[in-house]
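The structure under discussion appears below in the form of structure tokens.
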Amino acid sequence: MVKKYFEKLRQMNKKNLMMMLTPLLILILIGAVLYFWFGRRLLVVVEQPEVFKNWIDGLGAWGEVAFVSIRAAQTIFKFIPAEPLEVASGYAFGIWGGLLWCMVGTELGSAVIILLTKRFGLRFVSKFTDPDKLKSFSFLQDNRKLRPLLFVIYFIPGAPKDLLTYFLAFTDLKISEYLIITSIARIPSIITSTMCGAYFGEKNYLAAILIYAVTLLISFAGILVYRKIEKHENKTD
């Protein structure tokens, strides 16, 4: 499987590939520079939504660009936990603004992961994770089940979405399909976080705590559901 798609990507016109990757990589680079420039202070800022909002507001029209860059870089490098960043976005941009910019950054980062994995294969994957871990997704090799299962997995909070992105580069799934399916499926898990941040910003602490508690319960249930799906599909295969 890996060899097949690695050979396929070798035949891709390098000029076209670079044209697709260049703007995305520039955006990711901005996010990485922001992290390495600010170091651990960035993590502290994200974990303090009011401080993060002041920082974003201080950037003016570049605030959204900076956030999307950080979110895209976080999707690839995982230097900041996703949840605090999503909560901070809700505080800074509101429920729907936070959802929008989280989605844009996440999908850009995921697209880069898929493009680079397709181009460089397991050499690229090994820089970020153990390639052997991808074997847990072997049940997704059935092309008939891939798309509906992909939606379900990304819809379920707590499912291992980060690793799955690397695996999908070795399937027949087109990047456009991936972006459409996952952008819709991610909405519930992201919007609950942005709601927490937005309500926290409005000092509606009870609503924020209730949403956070419900999200934790759903995430726990989601992990159990994913494990059942994985076990069932692997038995079927």
Side-chain angles (χ1 to χ4, degrees), residues 1-25 27-28 71-78 82 102-190 222-223 225-237:
M1 178 183 67
V2 174
K3 185 177 179 181
K4 174 184 175 182
Y5 290 100
F6 186 69
E7 289 298 326
K8 182 179 179 181
L9 264 292
R10 277 182 174 175
Q11 297 171 9
M12 179 180 285
N13 186 299
K14 290 184 178 180
K15 185 177 179 181
N16 291 339
L17 181 63
M18 288 310 298
M19 286 178 65
M20 287 190 296
L21 283 177
T22 299
L24 297 179
L25 291 176
L27 195 63
I28 304 305
R71 177 68 172 186
Q74 179 272 330
T75 301
I76 297 174
F77 302 111
K78 316 301 178 191
C102 277
M103 296 277 285
V104 171
T106 299
E107 298 304 324
L108 284 175
S110 298
V112 169
I113 288 175
I114 292 176
L115 286 169
L116 292 179
T117 301
K118 281 181 174 292
R119 179 64 183 87
F120 299 106
L122 294 180
R123 288 185 299 167
F124 175 74
V125 175
S126 63
K127 302 296 182 182
F128 298 93
T129 187
D130 181 359
D132 287 339
K133 292 181 179 180
L134 301 186
K135 294 177 181 177
S136 63
F137 301 112
S138 58
F139 64 90
L140 291 172
Q141 289 180 338
D142 187 340
N143 201 46
R144 296 170 301 173
K145 299 179 180 179
L146 175 59
R147 287 154 188 82
L149 282 176
L150 177 64
F151 181 88
V152 171
I153 292 172
Y154 273 85
F155 186 82
I156 296 173
K161 304 175 183 68
D162 295 340
L163 283 176
L164 181 54
T165 307
Y166 293 97
F167 176 84
L168 293 171
F170 300 116
T171 69
D172 289 328
L173 189 73
K174 296 178 181 178
I175 291 182
S176 58
E177 290 181 295
Y178 170 86
L179 295 178
I180 292 171
I181 293 171
T182 60
S183 62
I184 296 172
R186 288 181 196 271
I187 290 175
S189 62
I190 295 178
I223 293 172
V225 171
Y226 171 77
R227 288 178 178 173
K228 285 190 175 183
I229 291 174
E230 182 184 23
K231 186 176 181 181
H232 175 268
E233 292 298 329
N234 283 326
K235 274 186 177 180
T236 303
D237 294 341

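Residues satisfying the side-chain hydrogen bond (donor to acceptor under 3.5 Å, both in side chains) criterion with T75, sequence neighbours excluded, are absent altogether. Taking S126 as the reference, P131 meet the side chain to side chain contact (heavy atoms under 4.5 Å, CB included) condition, with sequence neighbours excluded.
The two atoms that bring K118 and A169 nearest to each other are NZ-O, 3.2 Å, heavy atoms only. The heavy-atom pair separating E177 from D172 by the smallest distance is OE1-O, 4.4 Å. When every heavy atom of S110 is checked against every heavy atom of R186, the shortest pair comes out as OG-NH2, 3.4 Å.
Rounding to the nearest 0.5 Å gives a distance of 11.0 Å between CD1 of I175 and CD of E107. Note that CD1 of I187 and CE of M103 are 4.5 Å apart. Values are rounded to the nearest 0.5 Å. Summarising the geometry, atom CD1 belonging to I113 is positioned 11.5 Å from atom CG belonging to L108; distances are rounded to the nearest 0.5 Å. The distance from atom CD1 of I180 to atom NZ of K174, rounded to the nearest 0.5 Å, is 10.5 Å.
Shown are I181, L163, L173; of these, the side chain to side chain contact (heavy atoms under 4.5 Å, CB included) with L168 is made only by L173.
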Q. Which is it for T117 and F167 under the side chain to side chain contact (heavy atoms under 4.5 Å, CB included) test, yes or no, and what are the steps along the way?
A. CA-CA 9 Å; T117 301; F167 176 84; over 6 Å; no

Can you list, pair by pair, the side-chain donor-acceptor contacts under 3.5 Å of residues 151-158, counting residues two or more places apart and other chains?
unit_1, atom_1, unit_2, atom_2, d
Y154, OH, K161, O, 3.4
Y154, OH, T165, OG1, 3.1
Y154, OH, Y178, OH, 3.2

